[in-house]
Structure formats: C-alpha cells, structure tokens
Amino acid sequence: MQLSEQEQIRREKLQTLRKLGIEPYPADLYPINAYTADIQQDCAELEPKQSVETGKYSEVNLAGRLMSLRVQGKASFADIQDSKGRIQLYINRDEVCPQEDKTLYNEVFKKLLDIGDFIGVKGFVFRTGMGELTLHVKEFILLSKSLKPLPLPKTDKDGNIYDAFTDPEQRYRQRYVDLVVNPHVKDAFVKRTKLMNTMREYLNEKGYLEVETPILQPLYGGAAARPFKTHHNTLDMTLYLRIANELYLKRLIVGGFEGVYEFSKDFRNEGMSRFHNPEFTQIELYVAYKDYEWMMNLVEEMVEKIAINLHGTTEVKVGEHIINFQRPWKRFTMFEAIEHFTQIDISEMDEAQLRETCQKLNVKIDESMGKGKLIDEIFGEHCEAKLIQPTFITDYPVEMSPLAKKHRSKEGLVERFEAICNGKEICNSFSELNDPIDQRERFQEQLELGKRGDDEAMVLDEDFLRALEYGMPPTAGLGIGIDRLSMIMTNQPSIQDVLFFPQMRPEKKPTLAQEADYVKIGVRAELVPILQKLGYATIEALQSEENINKLFNDVCGTRKKMKLNDVKNPTKEEVEAWLSND
RNA sequence: GAUUUCGUAGCUCAGCUGGUAGAGCAAUACACUUUUAAUGUAUGGGUCCUGGGUUCGAACCCCAGCGAAAUCACCA
C-alpha cells in the first residue's frame with residue numbers, strides 16, 4: 001500500500017519516539033478523574049485569569065484525543081476531546097520541563113504529537129484572559145499515536161463550520177471518523193439508545209417479558225417480504241433470516257406468557273433507499289386479553305413518553321415540521337382518510353369499481369392486486385404522505401392483513417391500525433387472529449395470491465397453526481420500526497444516519513501486488529517502491545509493459561527523483577528478465 | 001431495477017472555449033509565553049475514479065465500467 005507523505009511522516013515520528021524511550025502504545029491503564037463536559041459545566045462561573053485552587057478541578061486527570069494544536073513558542077494551546085466533549089489545554093515549556101532538558105516540550109510535544117493522538121493530561125482548571133475555560137497542564141503522556149490524519153472541520157467564533165467532513169460515502173464507510181470529527185452524529189445515536197431504553201423501561205414496568213426468538217427460521221413469516229436465504233450444513237437444510245418474529249412471539253402467548261416483547265433485527269431482501277436498509281430493527285409486543293383499541297392507547301402513551309425523555313417536550317422538530325406527540329392523536333378509519341383526502345367514498349365498492357377509481361386517481365395497479373391491495377395503493381398514493389402529525393389509521397381491508405382478527409362489527413375489515421407520522425408508517429398493530437380455522441383459510445388465500453404472482457405472499461406455517469389450535473387468548477400485537485422512529489425523533493433525513501454501519505457495496509480493493517510478488521519475478525526488493533511509485537500496482541500491469549527501454553529509463557529516473565541514493569539502478573538485462581514470463 | 005447528478009492533494013473545493021494541475025485547511029522547517037478558524041515566512045505533497053476512443057494535445061469531449069447521492073419503483 002502506498003502511504004501518503006503525511007502517513008509516512010507519522011510513522012517516522014513513531015520511530016523517533018521509541019528512540020527517545022517513549023512507548024507510543026503503552027500498556028498501562030490511565031487513571032481518569034474528570035470529563036471535559038463536566039468541567040465546562042461545573043466551572044462555568046470561573047472568572048477570566050482565575051484558577052481553581054482547591055478540590056477536584058485543581059488536580060484534574062483527563063484523557064482524550066488531541067484535536068487542535070496552536071504552538072506559540074514557549075507556550076502552546078491545544079484542544080482535547082474525550083467521550084463527553086472538548087476542552088482547551090495550555091502547556092508551558094518550563095512547567096512541563098522544569099529541568100534543563102526541554103526535549104519533552106520542544107521535541108515530543110511540539111514535533112512528535114499530532115492531531116488525532118490520544119494523550120493523558122494532569123493539571124488544574126483556569127480561564128484565560130480571552131475567556132476560554134482551559135486546563136493548565138502540568139504533565140502529559142502519550143497514550144496512543146494516530147497514524148492517519150483526521151479530516152478536520154473548523155468552527156469559527158460565529159459557529160460557521162469550514163471544511164466539514166460531509167461526503168456521505170466516507171462518513172458511512174468510516175463511521176469511526178465521522179463520530180470523531182462530527183460530534184452531532186454521536187448525539188443521534190445516543191438518542192436512539194435512549195429511545196429503546198425508554199420503551200424497555202415502560203414495558204418492563206408493565207410486567208412484560210423481554211424475550212429472544214430465532215433469527216434463523218426454517219419458514220419465514222409474519223410479514224409480506226422477500227427473505228434472505230442461507231444454508232445449515234449439518235442439517236443440510238435451507239434456513240431463512242427472519243423477516244419478522246410475530247409468529248414466534250404468538251407461540252409464547254399460547255404458552256402462557258401474558259406479555260412478551262423483543263427488539264428484533266429483521267432482514268428483508270429488497271431495495272435500499274433512505275428509508276430502507278436490508279437489516280433493520282423492530283420492536284414487537286404481544287399482550288394477552290387485550291385488543292387493538294387498548295394497544296392504540298399504549299402506543300400513544302409510550303411514544304409521548306419517548307419524546308419527553310429525549311427532548312423534554314412532546315414537540316419535536318422534524319425537517320420543516322414541528323410534530324407534536326401529545327396525546328390523544330387524531331384517529332381516522334382508512335375509508336375516512338381516503339374520503340378526507342380524495343372526496344371519494346370507497347367503502348361500498350367491489351374490486352371492479354376500485355380498479356376504476358384507481359385509474360381515475362392515477363394510482364398504478366396491476367393484475368395481481370386484490371381488493372385489499374387496491375385500497376392500500378389508494379391510501380399510500382393519496383393519504384400517507386399528507387399525514388404529518390401522528391395519526392392512527394384504523395380498520396384495514398381483510399385481504400392485506402392475513403394475521404389480524406376480523407372486525408367485530410364491520411364486514412370485510414380487520415381490527416388493525418397503523419400510526420402514521422411525518423408521512424410514514426411508524427407502527428402497525430392489530431387484534432391478533434386467534435381462530436385457527438380462520439387463520440388456515442387466510443394462509444390459503446395468501447397461497448392463492450402467491451399463485452397470482454405476488455412474490456411477497458405469506459407461506460403456510462403448519463406449526464404455528466398447530467399452536468393456535470391448542471388455543472391462544474385474545475391478544476393485541478404491535479410492531480414499531482425503531483429506525484424509522486429514531487429518524488423522526490432525531491430529525492435525521494436518512495436511515496443511514498441512525499444506523500452506525502449502514503449496508504453499502506463493498507469497497508473496491510485494487511488487488512495490489514505485495515513486495516514478495518515483485519521479488520518472485522526477479523525484482524530486487526529495494527526497487528519495489530520505485531515500481532509502485534511508477535504506478536505498476538500489479539504484476540500484470542508491469543508485465544504488460546511492452547517498451548523495455550521506457551520502463552528501464554523510468555525506473556532509473558524515478559530512483560533519482562526519489563533520492564534513493566543507496567539503491568543500485570537495475571541493468572537493462574535485469575529489467576528484461578522481469579518481463580519474461582517464466 | 002430506471003433516471004439525473006457527482007468522483008481533482010489527507011479534508012473542503014476551484015479549474016474558462018481542450019493547451020505545463022490550483023486555493024484554503026492539514027503536513028514539514030523557522031519565529032513567537034494566554035492564543036483560538038492563532039499569526040508571519042518558506043517548502044513539500046496529485047493514478048484528476050478505472051479502461052478505451054477522438055485529437056498534434058484530454059481533468060475537460062465521446063463510449064464502457066466501478067462507486068456514491070438524489071428522485072422513482074418494491075418495501076418497514
């Protein structure tokens with residue numbers, strides 16, 4: 001691998017440090033007694049030019065990454081960044097080097113440290129004449145040397161950011177760098193975890209059990225989606241990565257648990273977009289003896305609580321909108337919503353009339369779509385995006401909800417709701433179908449849809465039906481997309497901003513030849529850097545060079561250019577030998 | 001999967017009509033004891049994404065490929 005000039009310089013510094021008897025990667029632990037953010041908070045009242053003389057902040061031990069270095073002769077300023085924030089350091093030559101020998105300051109600090117290095121510092125807190133809260137350093141130690149330069153955004157006093165590290169590809173591929181140089185990125189992830197913790201606490205308090213169910217499933221089910229397929233060697237059988245855990249959690253309700261939930265990584269083999277990652281997280285919750293009306297109240301309460309825990313208020317800014325999660329949320333039946341946005345009442349229509357309506361409304365349809373799918377398309381096309389404030393949509397057509405219980409009073413519908421927020425579904429819930437005979441028929445209808453060409457139709461799960469036949473109590477079920485909800489709660493426009501490591505195409509690695517590969521065809525090891533410099537990164541590239549004279553001249557010229565005076569030029573016969581293929 | 005846009009130094013980006021590759025930050029050297037986007041002076045740093053083509057000459061025009069983003073389709 002060709003190193004950039006800056007990377008080479010840092011490697012040389014590494015050697016110089018070792019020569020000075022300083023280990024750049026020491027093994028000992030480093031004791032810490034304070035964090036930058038706490039100092040900023042606790043010493044906010046300190047006046048300019050005043051120091052903390054007693055207590056914790058008169059003897060601070062901090063550790064973190066060096067993020068800025070402003071050398072000013074015998075004194076220097078630097079910024080250190082730890083897990084909680086940043087603080088300025090003041091380093092005076094004669095204080096860190098009280099003896100004659102000033103190497104530690106002049107050489108180690110000024111020349112051998114780089115931005116990105118981890119250091120530990122000891123000192124006291126004071127405020128400079130310029131008003132900056134600062135740690136006056138008495139001692140420092142290198143904890144870990146950084147060999148690659150960080151992309152370094154700068155912020156001026158008005159808060160304008162320059163040279164920000166913004167390229168999405170690099171940010172997602174090298175999230176570690178993104179997190180170091182873009183502090184707000186960290187914030188979104190902290191909020192995401194807080195969101196999940198809020199849910200967990202809320203559900204635990206109600207006495208529901210957090211459980212784990214299989215990710216590798218012999219039959220995938222519980223949702224309409226294409227799965228990932230894998231293979232188990234010993235059993236010699238196909239397994240699927242789960243697309244949902246619904247059917248397993250319901251088996252647990254059959255088994256006698258009153259409430260179970262799982263934060264479940266699910267996998268769907270479909271397109272990617274800023275709303276879709278192949279693996280994503282859902283929470284699913286099932287509670288016995290409840291119905292979907294009850295579940296709606298739970299969702300409202302839980303999500304309102306999340307907003308308050310994360311933001312201290314029910315109002316959350318999302319893009320252009322302020323979304324208010326305060327209870328109660330608006331409720332629409334699906335037919336009401338469609339009528340509200342299109343002025344068309346479709347509640348009494350048959351399939352043919354629905355097709356006609358779709359055409360009138362410019363909704364794209366195809367032959368495989370049944371009645372339920374048609375209604376869903378109209379809703380998706382004309383209603384969903386317009387629902388910004390959290391809204392419950394209730395009572396879905398039975399055809400698109402094969403696991404939901406038939407509506408207690410409305411023919412052709414099921415007891416199901418979704419919560420829509422910022423134009424996107426954030427949860428899906430229903431009174432669970434617990435009539436095993438009805439459930440079998442619904443699976444069979446799915447098989448029919450599959451035959452009509454719907455490649456996301458569900459498969460029939462005999463074991464699940466057997467479980468239902470033993471009896472499942474009336475149950476309310478819920479699924480909430482954690483990633484989607486996190487996007488809203490942290491005001492991020494893309495799912496990749498709430499996933500640490502979003503799925504990406506593999507980085508293309510040019511298959512660079514190793515030194516040994518060059519040596520194998522007769523190149524002296526000391527000449528390898530020259531060939532790499534010339535751009536012959538692979539043996540093939542080298543051997544496909546037809547002009548021996550040119551190669552010979554280039555090598556000799558480059559040797560001179562790189563000032564490799566100790567390296568002997570190859571003879572022309574030598575060069576010729578590299579290119580002969582044997 | 002389709003369309004559009006983008007790919008130039010470690011980072012952010014200029015680069016005119018095709019004519020020797022540029023800036024700021026970062027790096028290196030020197031100066032500087034409270035600076036803060038520190039400053040001043042000097043220096044080094046490039047597979048212009050890859051491969052073809054057109055041309056006397058390509059970062060620039062054409063074709064193909066790779067990667068990314070946005071929009072759309074499928075989906076949560």
Side-chain angles (χ1 to χ4, degrees), chain A residues 2-10 12-13 48-49 68-79 86 88-95 105 110-111 114-116 126-132 134 136 147-173 177 181 223-226 243-244 266-282 364 366 376 380 418 424-428 454-456 479-485 487 493-496 504-510 532-537 541:
Chain A
Q2 276 277 16
L3 294 176
S4 74
E5 185 197 27
Q6 294 193 40
E7 290 172 305
Q8 282 172 12
I9 288 169
R10 289 194 181 203
E12 283 159 19
K13 288 180 180 181
K49 300 192 177 176
S68 163
L69 205 50
R70 302 182 290 282
V71 177
Q72 235 180 325
K74 289 175 196 144
S76 294
F77 293 89
D79 290 340
R86 264 192 206 202
Q88 174 168 270
L89 305 177
Y90 170 74
I91 293 130
N92 183 300
R93 184 189 72 187
D94 297 324
E95 289 185 62
Y105 180 78
K110 273 169 63 174
K111 295 191 185 165
D114 285 296
I115 287 167
F126 80 114
R127 192 181 287 280
T128 65
M130 298 297 290
E132 182 78 16
T134 304
H136 191 121
L147 294 182
K148 273 179 118 55
L150 285 169
L152 214 60
K154 296 220 159 185
T155 312
D156 69 15
K157 48 184 172 291
D158 300 324
N160 300 314
I161 298 172
Y162 300 83
D163 300 336
F165 181 63
T166 51
D167 178 13
E169 175 171 5
Q170 292 200 67
R171 285 186 49 225
Y172 302 147
R173 286 196 197 278
V177 175
V181 302
R226 283 193 295 268
I243 57 172
D266 293 342
F267 305 84
R268 298 190 184 173
N269 208 340
E270 287 159 351
M272 288 160 62
S273 76
R274 73 193 175 96
F275 292 106
H276 300 89
N277 195 62
E279 54 182 294
F280 66 103
T281 306
Q282 267 199 108
K364 275 181 236 153
D366 67 57
D376 189 42
E418 289 188 358
K424 280 275 168 191
E425 170 193 340
I426 56 169
C427 87
N428 183 15
D454 184 347
D455 53 3
E456 289 169 354
I480 299 181
I482 297 292
D483 314 284
R484 294 275 178 87
L485 187 59
M487 285 167 64
S494 161
I495 197 168
Q496 292 159 309
M504 307 205 53
R505 283 207 169 73
E507 255 178 296
K508 68 162 182 198
K509 279 196 209 103
Q532 288 173 333
K533 177 85 184 174
L534 279 168
Y536 298 104

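Note that this is a predicted model, so its numbers are computed, not measured. Chain A is the first sequence line, chain B the second, and so forth, proteins listed ahead of strands; every chain is numbered from 1.
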Engineer: Can you name the residues that form a side-chain hydrogen bond (donor to acceptor under 3.5 Å, both in side chains) with Asp376(A), not counting sequence neighbours?
Structural biologist: none
Engineer: Which residues pass the ring-ring contact (aromatic ring centres under 6.0 Å, His included) test with Phe165(A), not counting sequence neighbours?
Structural biologist: none
Engineer: On a whole-Å scale, what distance lies between the P atoms belonging to A69(B) and C13(B)?
Structural biologist: 15 Å
Engineer: Out of U34(B), C11(B), A76(B), which nucleotide sits closest to the side chain of Pro151(A)?
Structural biologist: C11(B)
Engineer: So, is Lys111(A) close to the C30(B) phosphate, meaning a side-chain N or O under 4.0 Å from OP1 or OP2?
Structural biologist: yes
Engineer: Measure distances between side-chain N and O atoms of Gln6(A) and base N and O atoms of A26(B), and say whether any donor-acceptor pair falls under 3.5 Å.
Structural biologist: yes
Engineer: Less than 4.0 angstrom between a side-chain N/O of Arg484(A) and OP1 or OP2 of A76(B), yes or no?
Structural biologist: no
Engineer: Could you check whether Asp94(A) gets within reach of a base, just the sugar-phosphate, or nothing at all, counting any heavy atom under 4.0 Å?
Structural biologist: base
Engineer: When the C1' atoms of C62(B) and U20(B) are considered, how many whole Å apart are they?
Structural biologist: 25 Å
Engineer: Check whether any side-chain N or O of Arg268(A) sits under 4.0 Å from OP1 or OP2 of C74(B), and answer yes or no.
Structural biologist: no
Engineer: Rounding to an integer number of Å, can you tell me how far Glu5(A) CD sits from A26(B) C1'?
Structural biologist: 11 Å
Engineer: For Asp483(A) and Thr281(A), which heavy atoms make the closest approach, and how far apart are they?
Structural biologist: OD2-N, 2.8 Å
Engineer: Could you tell me how far apart Leu152(A) (CG) and A9(B) (P) are, to the nearest whole angstrom?
Structural biologist: 18 Å
Engineer: Can you pull the salt bridge (charged side-chain N to carboxylate O under 4.0 Å, His left out) pairs that have at least one residue in residues 268-277 of chain A, sequence neighbours excluded?
Structural biologist: none
Engineer: Which is true for Gln170(A) with a 4.0 Å heavy-atom rule: it touches a base, it touches only sugar-phosphate, or it touches nothing?
Structural biologist: sugar-phosphate
Engineer: Could you list, one pair per line, each protein nitrogen or oxygen that sits under 3.5 Å from a nitrogen or oxygen of nucleotides 69-71 of chain B, together with the distance?
Structural biologist:
residue: A69(B); atom: OP1; partner: Gln496(A); partner atom: NE2; Å: 3.1
residue: U71(B); atom: OP2; partner: Arg274(A); partner atom: NE; Å: 3.3

Engineer: Counting primed atoms plus P, OP1 and OP2 as sugar-phosphate and everything else as base, spell out the protein contacts along nucleotides 35-42 of chain B at 4.0 Å heavy-atom distance: B, S or - for each nucleotide, 5' to 3'.
Structural biologist: BBBB----
Engineer: Do Ser494(A) and Gln496(A) have side-chain atoms, one donor and one acceptor, less than 3.5 Å apart?
Structural biologist: yes
Engineer: Assuming nearest nucleotide by heavy-atom distance, tell me which of Lys13(A) and Glu279(A) is located more 5' along RNA chain B.
Structural biologist: Lys13(A)
Engineer: Excluding sequence neighbours, so at least two apart, what forms salt bridge (charged side-chain N to carboxylate O under 4.0 Å, His left out) with Arg226(A)?
Structural biologist: Asp455(A)
Engineer: Rounding to an integer number of angstrom, what distance separates U50(B) and A59(B) when you compare their P atoms?
Structural biologist: 11 Å
